[in-house]
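Have a look at the structure below before the remarks.
Throughout, protein chains are lettered first and strands after them, A, B, ... in sequence-line order, and every chain is numbered starting at 1. The structure presented is a predicted model; accordingly, all values stated were derived computationally and were not measured.
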Amino acid sequence: MQDYLSGLNEPQREAVTYLNGPLMIIAGAGSGKTKVLTTRIAHLLNKGVDAFNILALTFTNKAAAEMKERIEKILGNSEARNLYIGTFHSVFSRILRAEAHKLGYPNNFTIYDTDDSRSVLKTVINELNLDDKHYKPSVVHSRISQAKNSLVGPAEYAQDYYIQQEDMRSNRPAIAQVYQAYTARCFKNGAMDFDDLLLKMYDLLKDFPDALHKYQHKFKYVMIDEYQDTNTVQYQITKLLAAVHENICVVGDDAQSIYSFRGATIENILQFQKDYDDVKVIKLEQNYRSTQSILNVANEVIKNNKGQIPKALWTENDGGEKIRLVRTMTDNDEGRFVADTIQEQKLRNHYFNRDFAILYRTNAQSRSFEESLRRMGIAYRIYGGVSFYQRKEIKDMIAYLRLIINTRDEEALKRVINYPVRGIGKTTIEKAMVIANEQNITFWEVLTRAGEFGFKAGTLEIIQNFVTMIRYFQSMLETKNAYDVAVQVGKHTNLVKELFSDKTVEGLARYENVQALLNSIKEWVDDRNNRAQIDEDGILTPEAEAQAGAEAAMAAQGNTNGAGAASLGAYLQQITLLTDADDDKENADVVKLMTIHAAKGLEFSVVFVGGVEETLFPSAMSINTREELEEERRLFYVAVTRAKARLWLTYANARYRFGNLVQNEPSRFLEELPAAHIDKSYAGGGARNQSPSSNMGSGFERMQRGFGGGGDNSIQYNDAGNRRPETGNRKLETGNSKPPYLQLKPTAPQTVAHVPAADFVPSDTTNLQEGQKVEHQKFGFGMVTKIEGSAHNPIATVKFDQNGEKKIMLNYAKLRIVG
DNA sequence: AATTAGCGCTTTTTT
DNA sequence: AGCGCTAATT
């Protein structure tokens, strides 16, 4: 019997059983969307569709894992593990792992994260002689990212009138060249950035008819979650994939579209209905998650947005408590209020830590909540922010692993070549870079052929030892799994020892972090090996299939991989795409702290939304156009609809920003709340002050705790009692106070590039005389005009042919005496 | 070459 | 306030 259908309401059941042809599900917040998706897939499998023929694209890897699990539960077998299910990025990286050679990339290509991308950009920007102060890697990156997500390549970028106008206006006309150079560099490094995972997938389908044919027929059923947050590339890819069978089901909610900053466009939802002849549209409008009060607040606020897809979200749930609005003096008070309230609610309503979530607009806001929770001894976990994998010591370790897998990965190479310190300094690295660029070979090849390029004997030996070491690690790939290789790397590079010998507090933490990384690799390896055993029926899982592709490619390079599914290459493939949310210690009893963006798709019994203030929420960056503001409002809608039972909205009179206390007005969104469902007794007299002068007075009100109960043990949410906030003189950035910079670096202090002779050997300069001719590695040829300083610290003044007069400290600088 | 002092920038949100 | 990067120092 198909009893899994019985627990569904009418539109849900319709969505589950409508299997063929284009289908669009408009799923309101908390309307059982995940349930519908999982049941729908289970239904497909139950109807005899092969799991290999189903592609499901989710928003997080965690969501994908959960869905797999739930499907297995419904069906009572493990068929679901053969599904192609995951985020756009992870599914496509898997496919590209098998197909990259078609595009000229190595199958073991490296995935660059945002930091890597910026680092490459910085290198490229400097090589183009542009000023990285003006061409900020972060700005340039977002520009390039935007282009990629809109399917605009470097050539098209350079020719697009509108884009060029924009770059001219911001005085960065050379972004097109940077884009071009960046693309070339990534390609040379055998690396794809996040955007490339989408872009290259698109290229694959567009330029290789056989590949298109293969995947079009493989994926007979395509499902896409969070469709409102897909961008142009994603849209085009899925359109291509579904073109043959047209069994494409998209699920979304235009009211929850919050990722336009990374190219997502609601247009995709509207366009969907035009792309196919008869699109079935099903709306899920019954909310099972939240109380009436919460839902009413959410509906009321979102009404202020124009052009929504009409829908009426309703619930049979209880009215519930009113939404509480709380104003505090500072962000620190806000933190204390929330921590206190959590404590109080735990006692009063028997909640566990895990029932609470604290949501905020920006990661920086986590600090005050964190401090208060720690002081109260409440266990918590912060999601997002600086992730584990962004720590220096972790990046160093990973960089070694990356280099072993892909020696073209210049970012990784530069990172580890002199860490731990082994005597390959800046000069050597620069020299190698110059050679690499001149000869058009990789940095790594320069090292392997170092003997040809005249490095001095000592340096040459160090380089050769380094190359030998990396090759030694590579030789292990055949027989050892990711963990065993990583342990060897930690040992032989002295990296672990180095950290261990650092007995400072930070040093200890770093050591522990590396140990934690090794443990997590171990866990991953064990998990992989277990799974590999389960799949004994000989059917290749998508993972194993991609792995086979990678292995074939490596075999072609004479580098077979016998470590199976737990190989280092397979480990690295997924590591960059992991998010904080993915490593689920789901059941840990902790209060969860995260940005509203990160909370998308989640639900909690009790939710606190902090910092509901002008300039913060809505963000000061997003109040200039109606579109931006409406996205902020949708974000507010997402925040509110995360709550099942209880909801607090908090805001502070003033908060620390960049080290100083800044006044903030309450958010304009608070004015849109329906009064009937709001408890303002702790809001200091009103959602928003009636007149500017009342602002100061209400700020001094004492706010007491103890909802309903004994008010005897009141706590004052007001730190230094009589600090008078400065009103009315909030600093505003005008943003255009500076004259536009010239885009080119000022030429004066710039040294004229000098490539030292291949056989440059520094001379002994203890007896250097005035009038002698010398060569400097950077400044070129010149004549000594003066010798001064003491015997133990002689300083020579040299007049260089091309770079003017310089004072050279002979103890440190290297000069070759020419005559 | 390697360590340290001081400057300037940061905070929108993420794969 | 905190961090990373540049410049100065040894």
Report all interatomic pairs (protein N or O, nucleotide N or O of nucleotides 10-12 of chain B) with separations under 3.5 Å.
residue: B:dT12; atom: O2; partner: A:Arg361; partner atom: NH1; Å: 2.7
residue: B:dT12; atom: O2; partner: A:Arg361; partner atom: NH2; Å: 2.2

Think A:Thr60 has a side-chain N or O under 4.0 angstrom from the OP1 or OP2 of B:dT15?
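Answer is no, no contact under 4.0 Å.
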I'd like to know if the side chain of A:Asp132 and the backbone of A:Tyr135 have a donor-acceptor N/O pair within less than 3.5 Å.
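Answer holds: no.
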Pairing residues for A:Phe658 by the ring pair (Phe, Tyr, Trp, His ring centres under 6.0 Å) criterion, not counting sequence neighbours:
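A:Phe658 satisfies ring pair (Phe, Tyr, Trp, His ring centres under 6.0 Å) with no other residue.
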Any residue meeting ring pair (Phe, Tyr, Trp, His ring centres under 6.0 Å) with A:Tyr179, in chain and number order, not counting sequence neighbours:
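Checked A:Tyr179 against ring pair (Phe, Tyr, Trp, His ring centres under 6.0 Å); matches are A:Tyr157.
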Separation of [N] [atom2] from [X] [atom1] (nearest whole Å):
X        : N      : atom1 : atom2 : result
A:Glu627 : B:dT13 : CD    : P     : 22 Å
A:Arg655 : C:dA1  : CZ    : C1'   : 15 Å
A:Tyr637 : B:dT13 : OH    : C1'   : 19 Å
A:Asp115 : C:dG4  : CG    : C1'   : 12 Å
A:Tyr419 : B:dA2  : OH    : C1'   : 15 Å
A:Asn61  : B:dT14 : CG    : C1'   : 13 Å
A:Asn660 : B:dG8  : CG    : P     : 17 Å
A:Asp132 : C:dC5  : CG    : C1'   : 10 Å

Base, sugar-phosphate or nothing for [X]? Non-hydrogen atoms, less than 4.0 Å.
X        : result
A:Ser90  : nothing
A:Tyr259 : sugar-phosphate
A:Lys122 : sugar-phosphate

Between A:Phe194 and A:Phe88, is the ring centre distance below 6.0 Å?
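For A:Phe194 and A:Phe88, the ring centres are not under 6.0 Å apart.
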Residue whose nearest DNA chain B nucleotide is more 5′ - A:Gly423 or A:Arg262:
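Per heavy-atom nearest nucleotide, the more 5' residue is A:Gly423.
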A:Asp225-A:Thr58 side chain donor-acceptor pair, cut-off 3.5 Å:
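On atom types as modelled, these side chains do not qualify, holding no pair under 3.5 Å.
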Taking the six-membered ring of A:Phe59, is NZ or CZ of A:Lys600 closer than 6.0 Å to its centre and within 45° of its axis?
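Yes, A:Lys600 and A:Phe59 form such a contact.
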Does A:Val139 form a side-chain contact (heavy atoms from CB on, under 4.5 Å) with A:His134? I'd like the steps, not just the answer.
CA-CA 9 Å; A:Val139 172; A:His134 184 228; over 6 Å; no
